[in-house]
Engineer: 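Next up is a structure, given as structure tokens.
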Amino acid sequence: MRMSKLVGRRIKEDPKDAKTVSHKFLIRGGYVRLVSAGIYSLLPVGKRIVDKIERIIREEMDRIDGQEVLMPVVLPAELWEESGRYKSVGQELLRFQDRNDKPMLLAMTHEEAVTHLVRTEVSSYKQLPVMLYQLQTKYRDEARPRAGLIRVREFTMKDAYSFHTDQQDLEQYYERAHEAYERIFRRLGMLRVLSIAANSGMMGGAVSHEFMAICECGEDTVITSPDQRYRANREIATAAWKFEKSASLPLEKVHTPGSKSIEEVATFLGVKAENTGKAVFYQNVRTGELIFAVIRGDFEVNEAKLGNLAGAAELKFADDAAIAAIGCVAGYASPLSLASDKVKIFVDRSAAESSNLVVGANEPDYHYLNFNFDRDLAGQPQVVVADIATVREGDPCPVSGAPLEMCRGIEVGNIFQLGTKYSAAMNCSFLDQNGKSHPMVMGCYGIGVGRAMAAVMEQSNDEYGPVWPMSIAPYQLQVCAILPGKDGVGEKAEALYAALLREGIEVLYDDRGEKAGFMFSDADLLGVPLRVVISPKTLQDGEVEFKRRDGKTEVERLKLDGLVPELVKRVKQELALFAN
RNA sequence: CGGGGUGUAGCGCAGUCUGGCUAGCGCGACUGCUUUGGGAGCAGUAAGUCGGGGGUUCGAAUCCCUCCACCCCGACCA
């Protein structure tokens with residue numbers, strides 16, 4: 001490709017709204033352009049990268065016996081009615097009517113569509129297991145798209161769905177899929193990806209893993225032990241907390257005027273946060289049901305854990321009116337002396353297993369000293385002791401006991417054991433050897449393609465631009481001609497360009513005759529891994545300059561004589577690093 | 001959805017408070033000349049529904065009403 005014809009202008013300045021590295025360089029390098037919030041066009045270089053990512057994904061999906069299909073983006077609502085998700089999913093599902101007022105939707109995932117497909121095409125145990133996958137547009141009407149391609153509304157996803165006769169077969173296949181994912185991210189050149197235990201949320205199913213590209217701008221918090229044997233999303237992470245019991249002291253009501261928050265109460269009474277109990281009220285958004293969480297003052301409630309326990313897909317903080325309705329006083333709320341059959345009380349182990357905590361008295365400006373769960377609350381039917389705490393950095397690892405570490409990650413892929421949630425609801429079944437019908441057992445496996453591109457960029461860049469791995473680079477080699485009108489530079493560069501194309505090398509040829517610095521800056525923004533500079537300076541010695549974008553080796557001089565085979569060799573060597 | 005902010009040439013911005021001539025500046029684009037190793041210089045050219053609608057006024061980018069879009073923080077999120 002000639003730079004003089006390449007569409008997608010490079011921009012010298014950082015775009016004002018871009019905060020993350022990938023967002024800046026995606027715009028500055030002319031990879032993508034915003035069309036509407038969270039909706040992007042891919043320009044030629046961006047498209048080339050995406051194509052390469054997709055090719056690698058296809059190879060690895062085919063390797064684990066996947067069959068590529070393509071399902072529609074626009075689906076009739078009735079299909080989603082079957083699974084119950086037409087109602088259960090919130091506003092991120094874009095619903096609309098066709099000309100006959102028939103309710104339709106833009107698919108945000110394809111469990112329903114694929115289940116519909118498989119139930120009509122597969123009916124015997126002899127055909128199972130089977131895996132179908134597609135690379136296709138998803139639409140999610142996100143409340144807040146952000147950070148360029150990291151969180152968008154429209155995007156390409158590789159989504160795969162496997163169907164099995166039983167759970168054991170699913171589990172075996174799940175392992176293969178896990179391995180395929182590790183190969184994919186390695187081949188994409190991602191420097192650090194962790195698979196971590198994850199919250200299955202509304203997808204259903206019990207077991208799931210997220211593949212996290214570790215980097216600062218990640219939206220998720222990853223909890224790991226120092227030896228990496230324990231790896232979990234903070235949403236579900238737990239720790240081997242130990243709480244000290246001491247002799248119970250008698251309950252005592254104390255006057256605590258104006259002390260509503262834990263900090264205020266602790267300061268007023270001269271105790272530490274860990275000597276207090278915190279009352280937090282949530283409401284199940286769907287049902288309006290009030291949920292009362294009690295946790296030690298130095299911990300935070302983990303909403304994902306609490307929601308899972310309470311059977312609530314979505315929680316929100318309860319308003320004061322709802323709290324008052326069950327006889328609690330916000331700021332001084334207490335699980336003690338509560339009109340309690342109206343509300344479920346979830347008590348975190350931190351509060352249940354500690355002694356003599358300060359808790360509210362359900363009365364303005366009063367708290368109790370010396371709350372002891374076993375004596376004061378245990379045994380009531382609506383009270384549940386559970387782990388609803390958010391893991392903190394340094395908490396003891398549940399496997400090794402070592403202090404847990406925290407980092408940020410971009411979720412570039414996820415895999416789920418779905419079980420029969422969709423197959424049962426949608427009557428996707430097979431006949432076994434005895435002619436007996438069973439719902440198929442399903443797994444699903446996703447990768448966000450554009451997000452993967454952004455994640456690679458986040459992990460592999462310098463101050464001038466991205467440093468693409470050879471496997472997904474928009475071009476393999478860049479040729480810069482400096483002063484093409486002088487000393488035959490242009491002719492030599494043209495000849496080199498033509499010869500490399502004949503060898504099947506993907507060449508980006510800067511034929512514009514711009515100033516050297518200008519060309520180098522553009523080249524850096526495009527991140528092509530290998531670069532050849534032809535100029536009068538070295539041409540007089542019959543040489544060109546050779547430079548790696550990653551700077552791993554010094555700039556070299558290569559003889560024009562035999563240059564083409566040498567460059568071909570180097571491209572192939574580099575490419576081989578990412579072979580399967 | 002809550003809070004904050006921004007909309008003026010392809011991009012980045014000034015002008016708005018305090019209404020007034022033909023709406024400016026930098027980058028980019030185009031033409032010519034000179035330049036050429038890390039985003040060159042000079043000269044010239046083209047490019048604007050001042051986010052939309054309504055209002056006030058002799059006169060609105062500027063004041064008022066309203067709608068919209070986009071960004072940031074939070075909430076939410078497979």
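By convention in this document, chain letters (A, B, ...) are assigned in the order of the sequence lines, proteins followed by strands, and residues within each chain are numbered from 1.
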Engineer: Sticking with atom P, work out how far rU6(B) lies from rG51(B), rounded to a whole angstrom.
Structural biologist: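 Approximately 13 Å lies between the P atom of rU6(B) and that of rG51(B).
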Engineer: Of all the choices, rG38(B), rC76(B), rA29(B), which nucleotide is nearest to the side chain of Arg531(A) once you look at every atom?
Structural biologist: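 Nucleotide nearest to Arg531(A)'s side chain: rG38(B).
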Engineer: Looking at Glu300(A) and Arg234(A), does any basic side-chain N land under 4.0 Å from a carboxylate oxygen?
Structural biologist: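 Between Arg234(A) and Glu300(A) there is no salt bridge, as every charged N stays at least 4.0 Å from the carboxylate O atoms.
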Engineer: Counting only side-chain heavy atoms from C-beta out, which of rC77(B), rC70(B), rU36(B) sits nearest to Glu142(A)?
Structural biologist: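 Ranking rC77(B), rC70(B), rU36(B) by closest atom to the Glu142(A) side chain puts rC77(B) first.
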Engineer: As a test of reading the structure: which of rC72(B), rC77(B), rG39(B) is closest to the side chain of Glu92(A), going by heavy atoms?
Structural biologist: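 Looking only at heavy atoms from C-beta outward on Glu92(A), the closest nucleotide is rC77(B).
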Engineer: Starting the side chain at C-beta, find the nucleotide from rU36(B), rG39(B), rC71(B) nearest to Leu483(A).
Structural biologist: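 Per side-chain heavy atoms of Leu483(A), the pick is rU36(B).
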Engineer: Look through every strand shown and name the nucleotide pairing with rC17(B) as Watson-Crick or G-U wobble, where both distances are under 3.5 Å.
Structural biologist: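 Matched rC17(B) with nothing under the 3.5 Å cut-off.
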Engineer: If we call it a pair only when both distances are under 3.5 Å in a Watson-Crick or G-U wobble match, what pairs with rG2(B)?
Structural biologist: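 Here rG2(B) is engaged in a pair, and the nucleotide opposite it is rC73(B).
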Engineer: Can you check the distance between rA29(B) and rU62(B), where both ends of the measurement are the C1' atom (answer in whole Å)?
Structural biologist: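 That atom pair is separated by 30 Å.
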Engineer: State the pairing partner of rG32(B); accept Watson-Crick or G-U wobble contacts with both distances under 3.5 Å, and report none otherwise.
Structural biologist: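 Paired with rC42(B).
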Engineer: Please determine if a side-chain N or O atom of Ser36(A) lies less than 4.0 Å away from the OP1 or OP2 oxygen of rC70(B).
Structural biologist: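 Yes, because at least one side-chain N or O of Ser36(A) sits under 4.0 Å from OP1 or OP2 of rC70(B).
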Engineer: Side chain of Ala143(A) only, heavy atoms from C-beta on: which candidate in rC76(B), rG39(B), rC70(B) is closest?
Structural biologist: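 It is rC76(B).
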Engineer: Nearest to the Asp524(A) side chain among rC71(B), rG38(B), rC77(B), which nucleotide is it?
Structural biologist: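 Of all the options, the side chain of Asp524(A) is nearest to rG38(B).
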Engineer: From the set rC71(B), rA29(B), rG38(B), return the single nucleotide nearest to any side-chain atom of Ala37(A).
Structural biologist: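 Closest of the options to the side chain of Ala37(A): rC71(B).
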Engineer: Which part of the nucleic acid does Ile39(A) contact within heavy-atom distance under 4.0 Å: base, sugar-phosphate only, or nothing?
Structural biologist: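 Result for Ile39(A) = nothing.
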Engineer: Can you tell whether the side chains of Glu111(A) and Arg85(A) come within less than 4.0 Å, N to carboxylate O?
Structural biologist: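 Between Arg85(A) and Glu111(A) there is a salt bridge, with a charged N closer than 4.0 Å to a carboxylate O.
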Engineer: For nucleotides rG52(B) and rC11(B), find the distance between their P atoms and express it as a whole number of Å.
Structural biologist: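 Their P atoms lie roughly 15 Å apart.
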Engineer: Nearest to the side chain of Arg28(A), which nucleotide is it out of rC77(B), rG39(B), rU35(B)?
Structural biologist: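 Closest nucleotide among those given: rG39(B).
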Engineer: Quote, to the nearest angstrom, the P distance that separates rG20(B) from rA43(B).
Structural biologist: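 Nearest-Å result for rG20(B) against rA43(B) at atom P: 31 Å.
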Engineer: Taking the P atom of each, how far is rU56(B) from rG44(B), in whole Å?
Structural biologist: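 45 Å, rounded to whole Å.
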Engineer: For rU16(B) and rU8(B), measure between their C1' atoms and round to the nearest Å.
Structural biologist: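 Pairwise C1' distance, rU16(B) against rU8(B), rounds to 11 Å.
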Engineer: Sort out the partner of rA47(B) for me: Watson-Crick or G-U wobble, both distances under 3.5 Å, none otherwise.
Structural biologist: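 Answer to the pairing question: none, since rA47(B) forms no Watson-Crick or G-U pair.
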Engineer: For atom C1', what is the distance between rA14(B) and rG59(B), given to the nearest Å?
Structural biologist: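 It comes out at 23 Å once rounded to the nearest Å.
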Engineer: Would Phe211(A) and His178(A) count as a ring-ring contact (aromatic ring centres under 6.0 Å, His included) if you check the C-alpha gap in whole Å, the side-chain angles of each, and the deciding distance to 0.1 Å?
Structural biologist: CA-CA 9 Å; Phe211(A) 287 78; His178(A) 193 284; 5.1 Å; yes
Engineer: Could a donor-acceptor pair under 3.5 angstrom be found where the side chain of Arg144(A) meets the base of rC72(B)?
Structural biologist: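 Checked by distance alone, the answer is no.
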Engineer: Does rG10(B) have a Watson-Crick or wobble partner in any strand here, with both distances under 3.5 angstrom, and which is it?
Structural biologist: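 The answer is rC27(B), by the H-bond criterion.
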Engineer: Are Arg570(A) and Phe546(A) in a cation-pi contact, defined as NZ or CZ under 6.0 Å from the six-membered ring centre and within 45° of the axis?
Structural biologist: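 Arg570(A) over Phe546(A) ring: yes.
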Engineer: When rounded to the nearest Å, what value does the distance between C1' atoms of rC77(B) and rG39(B) take?
Structural biologist: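 The same atom, C1', in both gives a distance of 40 Å.
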Engineer: Near Gln167(A) CD, under 6.0 Å, is it more than 12 heavy atoms from other residues, nucleotides or ligands?
Structural biologist: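 Yes, enclosed.
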Engineer: Around Lys492(A), counting heavy atoms of other residues, nucleotides and ligands shown, do more than 12 lie under 6.0 Å from its NZ?
Structural biologist: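 Counting other residues, nucleotides and ligands, NZ of Lys492(A) stays at 12 neighbours or fewer.
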